[in-house]
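Please read these numbers as outputs of a predicted model, since none were measured by experiment. Numbers restart at 1 for each chain; the letters A, B, ... are given by sequence-line order, proteins then strands.
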Amino acid sequence: MPDLLEQLNPEQLAAVTLPRTSALILAGAGSGKTRVLTTRIAWLISTGQASPMGILAVTFTNKAAREMQVRLSAMLTVNTRGMWIGTFHGLCNRFLRAHFRDAGLPQVFQILDTQDQLGLIKRMYKALKVDDERYPARALQYFIAGAKEQGLRPNQVEAFDEHSRRQVELYAAYEDVCQREGAVDFAELLLRSYEVLARNQGLREHYRNRFKYILIDEFQDTNVLQYKWLQLLAGKETSVFAVGDDDQSIYAFRGADVGNMQRFQQDFGPIELIKLEQNYRSHGNILDAANALIKHNLTRLGKNLWTREHQGEPLRVYAAPTDVDEAAFIVDTVKELVESGVNPTQIALLYRSNAQSRVLEHALFNAAMPYRVYGGMRFFERAEVKHALAYLRLLANPDDDGALLRIINFPPRGIGARTLEGLQAQAQAGGASLWHVARANAPAGKAGSSVATFARLIETLRAATTGLPLPEAVEHVIAASGLQAHYGAERDGQERVDNLRELVAAADSFAREAQSGAPSIDETGAPPDALTAFLAHAALEAGDTQAAVGRDALQLMTVHSAKGLEFHTVFVTGLEEGLFPHDNSLNELDGPEEERRLMYVALTRARRRLYLTFAQSRSLHGQFRYNVVSRFLDEIPPALLHWLSAAPANLSAEPPPAWDPDAPAKERSGRTPPSDTGFRIGQNVVHAKFGTGVIVNAEGRGADARVQVNFRNEGLKWLALEFARLEAA
DNA sequence: GTATGGAGCATGTTA
DNA sequence: TGCTCCATAC
């Protein structure tokens with residue numbers, strides 16, 4: 001332990017060893033925030049000031065919680081099992097499972113993810129005949145989440161006009177449905193926990209006495225409800241240790257309120273304020289650029305990063321005539337970097353919006369460079385996994401109408417819309433769940449209707465899985481429900497079958513972890529039963545996004561998802577007015593400043609080398625746009641910049657590079673268009689996957705050339721010549 | 001139930 | 001431009 005302290009700088013040491021007061025740690029990018037957080041916990045425990053039981057540590061993401069957990073178990077020899085370390089939602093889930101009666105919930109309540117929630121709203125719309133045009137389901141979803149994140153129930157939401165009054169009504173109706181089905185959405189986990197604590201003094205006292213130390217990561221991202229929850233949980237004696245960076249607050253759009261940092265100083269005062277400004281990540285020039293940029297924001301708590309490292313290289317700037325040229329430049333540069341020994345996983349291409357990844361991906365694909373795009377479908381969100389989970393959910397909780405509707409006719413078993421309407425009418429009339437009605441329609445032993453068959457299937461599944469270990473139960477359900485066979489028979493179903501198998505594996509490792517007593521960060525480890533715990537786990541930890549394309553892949557992601565990461569080399573791309581800063585943000589309150597913080601996050605991801613690129617024109621949504629360089633480039637001192645191309649007129653005295661906006665892109669970029677494709681209509685060809693066929697049609701030229709091939713076994717297909725490796729037969 | 005086509009739409013995203 | 005959603009057709 002002492003040597004852990006020795007490695008800290010004076011500010012870090014001060015923060016780690018603060019006496020038992022509340023404190024706000026302003027931790028700049030790369031200043032060792034996680035280290036301070038974990039070392040403080042380790043210090044508190046190893047010096048005997050706190051027991052593991054007395055510690056509550058909250059993060060936003062599972063990843064952060066996991067990292068904290070891992071680092072802690074490396075630092076401590078004592079059992080960390082009693083500690084409450086997890087995400088806000090994970091901890092609230094744990095709390096509600098323990099106090100489900102006080103919370104007015106069934107023990108097996110199900111957690112709705114965003115998809116499930118939207119589905120529930122749409123179902124409710126049908127039942128109530130709500131005009132989806134006037135009240136889009138999406139909009140209501142935001143409305144509800146927004147209200148809950150403010151800590152507001154329907155009767156507390158102020159509605160001044162007809163439209164919002166109706167939304168409040170729908171919010172109330174939504175709550176009824178959730179309650180009836182035993183469903184809890186993400187925001188509800190927090191709100192419900194908050195209310196239980198607020199209303200139950202005994203419970204509140206209990207937890208206040210228990211958690212003497214509360215630590216919060218990424219405090220700038222907390223919303224109103226999370227802050228109120230914290231206030232309830234922290235008694236007079238509690239030491240609240242909040243770590244955050246107002247300059248990295250980039251989630252106001254989803255309810256985060258940086259104001260919590262100022263508020264904290266008043267509400268929890270008097271507090272200690274410590275700034276961690278020494279950066280261990282980047283070279284000097286990178287930090288200088290970031291500091292200069294962020295100074296343009298007026299509402300800051302104030303902080304200036306510095307480093308003991310060298311100044312390093314200047315930031316390299318490249319102005320491309322078009323987005324295609326920008327991508328080409330990046331590909332060429334990355335190639336050189338990799339040849340010079342930089343690991344591709346240490347190179348990141350960042351962009352403001354996901355749509356920008358396409359051009360980059362296209363160029364990388366053509367250059368046969370492995371890359372990985374972050375974001376997109378996560379494992380537990382895939383349709384086939386959702387279906388399997390729905391069977392399990394119905395087994396765990398028969399009132400879960402959402403789960404039933406998802407699977408009653410999947411795989412198809414002849415239960416159509418009409419039958420369903422009948423069931424729903426009956427259910428509504430009797431105030432019963434769909435399962436209740438379905439089973440009543442199908443007296444045991446009586447063959448006949450398709451609903452009866454379904455009801456018997458579920459009964460059989462329930463009987464067969466009762467008492468089985470979790471992974472075996474999951475496996476049985478996947479097989480006996482017909483899901484496996486259904487996907488197995490599908491032409492492109494192999495991946496889905498694999499995912500179902502993967503689900504069994506996930507259940508297996510979940511069960512093992514729970515059994516081994518390894519601390520589970522999502523706090524579902526102490527369950528009413530293994531199945532319910534696993535279902536909660538699936539909702540709370542949606543899993544990884546798509547895997548890498550090849551190994552040693554280049555990293556592509558939005559600036560938002562780059563937060564918290566670092567790379568040897570970073571390309572910040574698309575630095576154009578309208579894109580970054582984004583048009584839509586400019587009218588928002590605090591919008592431009594949030595965009596600047598986003599740029600600040602982007603810059604501070606780089607350790608050694610930073611490229612800033614932009615295109616003077618790009619096609620977006622099928623339209624060509626001519627853009628002006630981002631204001632953010634103007635805000636970086638010119639002395640830190642090294643132009644790899646001529647700087648545009650609005651940034652320097654040099655003339656912009658000569659180019660003709662009307663000329664085709666290929667000519668402008670100086671690259672020769674690919675020569676003749678070498679294929680003719682009527683020619684016989686071979687494709688690696690589709691076999692032999694004949695070219696029947698063609699269109700486009702150069703990189704866009706496509707041919708239509710009539711394959712012997714696969715039929716007609718359009719293929720892009722650039723991608724499909726077609727060979728003459 | 002699936003295949004097709006047209007309309008509408010297009011910041012960011014964790015749990 | 002390219003996708004997602006829904007309605008319509010078979």
Side-chain angles (χ1 to χ4, degrees), chain A residues 58-65 86-94 111-118 122 132-133 136-138 142 145 148-149 184-191 193 217-218 221-223 225-226 249-256 323 350-359 361-362 374-376 378 380-381 409-417 486 490-491 521-524 536-543 545 557-564 574 578-588 591 594-595 597-599 601-602 618-625 704:
Chain A
V58 204
T59 64
F60 276 86
T61 64
N62 289 306
K63 199 174 153 212
T87 63
F88 277 101
H89 296 85
L91 294 170
C92 286
N93 175 55
R94 179 168 176 169
I111 300 171
L112 301 181
D113 67 15
T114 338
Q115 276 181 49
D116 301 331
Q117 187 188 24
L118 191 64
K122 286 185 176 164
D132 186 71
E133 302 273 290
R138 268 276 152 66
Y142 287 131
K148 287 189 181 183
E149 279 162 10
V184 169
D185 64 43
F186 286 135
E188 185 72 24
L189 284 170
L190 274 143
L191 182 52
S193 302
D217 191 18
E218 306 278 15
D221 289 338
T222 48
N223 62 36
L225 178 57
Q226 287 158 342
S249 157
I250 55 173
Y251 284 113
F253 72 90
R254 67 172 198 218
D323 49 353
L350 306 185
Y351 35 81
R352 173 69 239 265
S353 64
N354 283 310
Q356 290 166 252
S357 79
R358 187 168 300 136
V359 194
E361 287 189 66
H362 186 87
Y374 283 76
R378 325 258 295 276
F380 285 111
E381 291 167 357
N409 199 35
F410 195 94
R413 44 178 76 90
I415 300 177
H486 175 81
E490 249 182 16
R491 258 158 302 158
I521 60 101
D522 66 8
E523 303 303 338
T524 42
H537 167 81
L540 289 173
E541 174 138 23
T545 58
M557 66 193 83
T558 63
V559 181
H560 277 97
S561 38
K563 194 173 116 180
L579 256 194
F580 197 3
H582 198 279
D583 271 334
N584 297 2
S585 72
L586 297 180
N587 305 321
E588 287 169 11
E594 178 144 319
E595 292 287 305
R597 292 193 289 267
L598 200 49
M599 179 67 177
V601 168
R618 75 169 60 235
S619 86
L620 200 63
H621 309 321
Q623 220 103 51
F624 251 99
R625 300 190 359 171
D704 297 320

Name the stems with DNA chain C in them: runs of three or more consecutive Watson-Crick or G-U pairs, distances under 3.5 Å?
-> B:1-10 with C:1-10

Mind running side chain to side chain contact (heavy atoms under 4.5 Å, CB included) on A:L540 and A:F186 for me, showing each step along the way?
-> CA-CA 8 Å; A:L540 289 173; A:F186 286 135; 4.1 Å; yes

Could you tell me whether A:S561 contacts a base, only the sugar-phosphate backbone, or nothing, with contacts defined as non-hydrogen atoms closer than 4.0 Å?
-> sugar-phosphate

Heavy-atom protein contacts under 4.0 Å, nucleotides 5-10 of chain C, coded B base, S sugar-phosphate only, - none = ------

Name the nucleic acid region contacted by A:D221, choosing base, sugar-phosphate or nothing; use a 4.0 angstrom heavy-atom cut-off, strictly under.
-> nothing

Please state the C1' separation for the pair C:dC6 and B:dT11 - nearest whole angstrom.
-> 25 Å

Using a cut-off of 4.0 Å on non-hydrogen atoms, how would the nucleic acid contact of A:D583 be classed: base, sugar-phosphate, or nothing?
-> nothing

Centroid separation A:H560 to A:F253 less than 6.0 Å = yes

Not counting sequence neighbours, which residues clear side chain to side chain contact (heavy atoms under 4.5 Å, CB included) with A:R625? List them please.
-> A:D583, A:L620, A:N627

For the side chain of A:N409 and the backbone of A:P412, is there at least one donor-acceptor N/O pair under 3.5 Å apart?
-> no

Relative to the 5' end of DNA chain B, which residue comes earlier, A:S585 or A:H486, by the nucleotide with the nearest heavy atom?
-> A:H486

By nearest-nucleotide position on DNA chain B, the 5'-leaning member of A:Y142 and A:G622 is A:G622

Nucleotide range of DNA chain B contacted by chain A, 5' to 3', under 4.0 Å to a heavy atom?
-> B:dG1 to B:dA15

Determine the contact category for A:E588: base if any of its heavy atoms lies under 4.0 Å from a base atom, sugar-phosphate if only primed atoms, P, OP1 or OP2 are that close, otherwise nothing.
-> base

Under 4.0 angstrom, heavy atoms only, what part of the nucleic acid is A:F60 near: base, sugar-phosphate, or nothing?
-> sugar-phosphate

What integer number of Å spans the C1' atoms of B:dG12 and C:dC5?
-> 23 Å

With a 4.0 Å cut-off on heavy atoms, is A:S619 in touch with a base, just the backbone sugar-phosphate, or nothing at all?
-> nothing

Polar side-chain atom of A:N354 near backbone of A:G376 as donor-acceptor pair, under 3.5 Å | no

Within the side chain of A:S561, is there an N or O that forms a donor-acceptor pair under 3.5 Å with the backbone of A:M557?
-> no

Do the side chain of A:D132 and the main chain of A:P136 share a donor and acceptor less than 3.5 angstrom apart?
-> no

Report which part of the nucleic acid A:Y251 touches: base, sugar-phosphate, or nothing (heavy-atom distance under 4.0 Å, all strands).
-> sugar-phosphate

Could you tell me which residues satisfy salt bridge (charged side-chain N to carboxylate O under 4.0 Å, His left out) with A:E594, sequence neighbours excluded, listed by chain and number?
-> A:R597

Find the distance A:L620:CG to C:dC3:P and express it as a whole number of Å.
-> 14 Å

For A:Q356 and A:S353, does a side-chain donor sit closer than 3.5 Å to a side-chain acceptor?
-> yes

Mind checking the P distance from B:dT13 to C:dT4? Whole angstroms is fine.
-> 16 Å

Describe the nucleic acid contact of A:E595 in one word from base, sugar-phosphate, nothing, applying a heavy-atom distance below 4.0 Å.
-> base

With sequence neighbours excluded, what pairs up with A:D113 under the salt bridge (charged side-chain N to carboxylate O under 4.0 Å, His left out) test?
-> A:K386

Parallel, tilted or perpendicular: which fits the ring planes of A:F410 and A:H486, with parallel below 30° and perpendicular above 60°?
-> perpendicular

Go through A:R254 and A:D221 one step at a time and tell me if the salt bridge (Lys or Arg N to Asp or Glu O under 4.0 Å) criterion holds.
-> CA-CA 9 Å; A:R254 67 172 198 218; A:D221 289 338; 5.3 Å; no

